[in-house]
Protein chains: 2
Amino acid sequence: MFKRSPSLTEQVKSHLKQRIINAEFDGGRMPPEMELARELKVSRNTVRDALGRLETEGVILRRQGAGTFINQVGQLVKNRLEEIIPYEALIRESGYVPTVRLLSAQQKQVPAEVTTHLHLSPDEELLIVQKLFLADDKPVILTLTYIPPDIIKQPYTQDDCRLPVYEFIPQFCRQEFAYYLSEIVPLIATSWLAERLDLPEEGGALLTFEETGYNQDNQPIVRACSHFRHDLLRLRLIRRLAR
Amino acid sequence: MFKRSPSLTEQVKSHLKQRIINAEFDGGRMPPEMELARELKVSRNTVRDALGRLETEGVILRRQGAGTFINQVGQLVKNRLEEIIPYEALIRESGYVPTVRLLSAQQKQVPAEVTTHLHLSPDEELLIVQKLFLADDKPVILTLTYIPPDIIKQPYTQDDCRLPVYEFIPQFCRQEFAYYLSEIVPLIATSWLAERLDLPEEGGALLTFEETGYNQDNQPIVRACSHFRHDLLRLRLIRRLAR
DNA sequence: CAGTGGTCTAGACCACGGG
DNA sequence: CCGTGGTCTAGACCACTGG
């Protein structure tokens with residue numbers, strides 16, 4: 001029934017999630033793990049891994065001795081914060097039609113704050129990519145991406161800059177993207193930001209992700225700032241007690 | 001070597017974390033999983049579970065075919081966002097000495113926004129607990145907790161209110177705390193907030209967690225708002241590509 | 001007490017990295 | 001090529017829930 005790639009666990013997860021969305025389970029209760037395992041022809045461990053991921057996403061609740069239940073409340077969670085997902089997907093999950101607009105992509109000097117995070121000298125020029133994401137044609141996310149030009153090994157077009165950085169890197173830089181170290185920062189909207197994000201006025205609060213991207217050798221290779229209009233896009237998550 | 005509770009996985013995790021902190025592994029490289037399993041007298045799966053948790057915490061990096069490595073960068077991450085930890089611990093991890101100050105605990109009417117989240121009628125009076133957390137005697141977190149008084153089944157003192165809600169609930173309400181549904185919100189500091197958090201002026205940006213707590217029957221039982229001074233306390237996390 | 005999820009084991013095979 | 005981490009299996013036992 002399932003192929004070998006992507007991982008069985010991942011396929012089982014998607015499969016179950018789809019059945020939950022389709023409301024195929026009566027009374028908000030899911031079948032026992034053993035039954036799912038038999039049915040899907042995988043081991044119970046694989047089912048449990050898949051259920052575990054659905055649980056951290058807030059889709060289900062599990063209670064020892066009682067069973068596994070579908071969590072309506074968790075539907076409000078649109079993204080797993082510790083997982084990088086394309087902003088288009090986030091916007092779509094939130095119920096809007098996403099579009100991307102490339103505002104600019106040019107090589108320039110940057111604030112020292114940026115070069116510091118990338119372990120570069122302050123006068124180094126970087127490629128700055130500005131992108132605006134729209135939800136139903138309303139601006140919701142503005143991203144600034146800083147890439148050292150000398151890591152780019154293949155020719156690229158302006159259009160390639162529309163790719164998420166973590167896809168651009170492996171395609172054009174002959175190295176792998178490993179992870180972001182991200183900081184969540186609240187910001188007062190400057191007039192520059194307010195204009196681009198179509199805010200009613202400057203001085204409002206914005207949610208910002210300030211992220212440094214590392215490659216598989218654990219060297220910083222990219223810096224990114226994402227500004228969210230939290231009135232249109234809510235960042236929610238499920239938090240549990242430590243085990 | 002290990003007991004049965006807390007879980008083997010959790011004990012192995014703590015054990016390895018301590019050895020990492022003590023810099024017991026040369027060259028930033030950890031022994032192979034098989035070797036750790038033999039050494040600690042547990043199965044490789046258990047070791048892998050423990051390493052998996054350390055990886056999401058940012059403590060280590062694993063590369064298929066290459067090995068497991070200690071991640072200096074990850075030291076900047078002080079907390080796992082999807083895990084509830086006491087604010088004192090967060091402050092301590094960030095390098096300060098934590099203290100808690102109970103500002104007030106009284107029954108009052110609350111904004112409709114609060115009663116809505118708890119599925120109560122707007123005129124219901126709730127117990128409001130205000131707490132201030134200090135790092136090296138500087139205010140860093142202000143929390144407001146709203147508890148419906150009728151769920152409290154045991155007598156309690158003012159001092160009991162200093163407990164985190166998720167500990168107060170099981171102790172005084174004869175029910176279990178299951179999880180928070182949290183929303184991350186950027187806020188403009190009001191003068192009321194600025195005064196209590198000792199901010200230089202009102203109008204600065206604050207990071208806020210707006211959370212609804214659910215019990216094991218998946219009913220909302222508590223509402224909490226936490227305001228962070230992000231200049232002193234940074235919220236950082238590791239983000240990876242989806243599998 | 002029967003049935004559920006929670007934990008742990010031993011073993012197998014695969015995919016990838018580096019010499 | 002060998003050794004590493006990544007995935008999956010089958011089976012065992014425990015802890016808890018609910019009738």
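In what follows, chains carry the letters A, B, and so on, assigned in the order in which the sequence lines appear, proteins first and then strands, with residues in each chain numbered from 1.
Using a 4.5 Å heavy-atom threshold, the side chains of B/Y180 and A/R240 count as separate. A/D49 has its side chain out of reach of A/T46: every pair of non-hydrogen atoms, C-beta onward, lies at least 4.5 Å apart. No side-chain heavy atom of B/H117 sits less than 4.5 Å from a side-chain heavy atom of B/E210. Side-chain contact between B/Q18 and B/E24: absent, with no pair of heavy atoms (C-beta onward) separated by less than 4.5 Å.
In the set D/dT9, C/dT9, C/dC8, C/dC8 carries the atom at the smallest distance from any side-chain atom of B/S7. For A/Q64, whose side chain is taken as the heavy atoms from C-beta onward, the closest listed nucleotide among C/dA12, D/dC16, C/dC8 is D/dC16. The side chain of A/S43 lies closest to D/dA10 when the candidates are D/dA10, C/dT9, D/dT7. Proximity note for B/R29 (side chain, C-beta onward) versus C/dT9, C/dT4, D/dT4: the nearest is D/dT4.
Rounded to a whole Å, the CG atom of A/L61 is 16 Å from the C1' atom of C/dG6. Rounding to whole angstrom units, CD of residue B/E33 and C1' of C/dA12 are separated by 15 Å. In this structure, the CZ atom of A/R38 is 12 Å from the P atom of C/dG3, given to the nearest Å. Between A/I60 atom CD1 and C/dG5 atom C1' there is a gap of 11 Å when expressed in whole angstrom units. Distance B/E10 CD to C/dT7 C1': 13 Å, rounded to the nearest Å. In this structure, B/R48 atom CZ and C/dC8 atom C1' are separated by 15 Å, rounded to whole Å. Note: CG (A/N45) to P (C/dT7) measures 12 Å, nearest angstrom. Summarising the geometry, the separation between CZ on B/R63 and P on D/dT4 is reported as 15 Å, rounded to the nearest angstrom.
A salt bridge links A/R62 with A/E55: the distance from a Lys NZ or Arg NE/NH1/NH2 to an Asp or Glu carboxylate oxygen falls below 4.0 Å. Salt bridge B/E211/A/R239: present, at least one basic N to carboxylate O contact under 4.0 Å. Between A/R44 and A/E33, at least one side-chain nitrogen of the basic residue sits less than 4.0 Å from a carboxylate oxygen of the acidic one, meeting the salt-bridge criterion. Taking 4.0 Å as the cut-off between side-chain N and carboxylate O, B/R19 and B/E39 count as a salt-bridged pair.
Overall bending of the helix from C/dC1-D/dG18 to C/dG18-D/dC1, expressed as the angle between end axes built from five pairs apiece, is 10° (10° steps).
For the contact set between residues 215-222 of chain A and DNA chain D, defined by any heavy atom under 4.0 Å, there are no members. Listed by residue number, the members of residues 165-179 of chain B with any heavy atom below 4.0 angstrom from DNA chain D form an empty set.
Nearer to the 5' terminus of DNA chain D, by closest-nucleotide assignment, is the contact made by B/R44 (compared with the other of A/K41 and B/R44). Residue whose closest nucleotide on DNA chain D sits further toward the 5' end, between B/R62 and A/A66: B/R62.
For D/dT4, the OP1/OP2 oxygens have no side-chain nitrogen or oxygen of B/T68 closer than 4.0 Å. For B/T9, no side-chain nitrogen or oxygen approaches OP1 or OP2 of C/dT7 to under 4.0 Å.
Interatomic distance, SG of B/C173 versus CD1 of B/I151, reported as 4.0 Å (0.5 Å rounding).
Remark: the backbone N or O of A/H230 is paired with a side-chain donor or acceptor of A/R234 at under 3.5 angstrom.
Between A/Y166 and A/F177, the ring planes lie tilted relative to each other; the angle falls in the 30° to 60° range.
Inspection of the A/E83 and A/N79 side chains reveals no N or O donor paired with an N or O acceptor under 3.5 Å.
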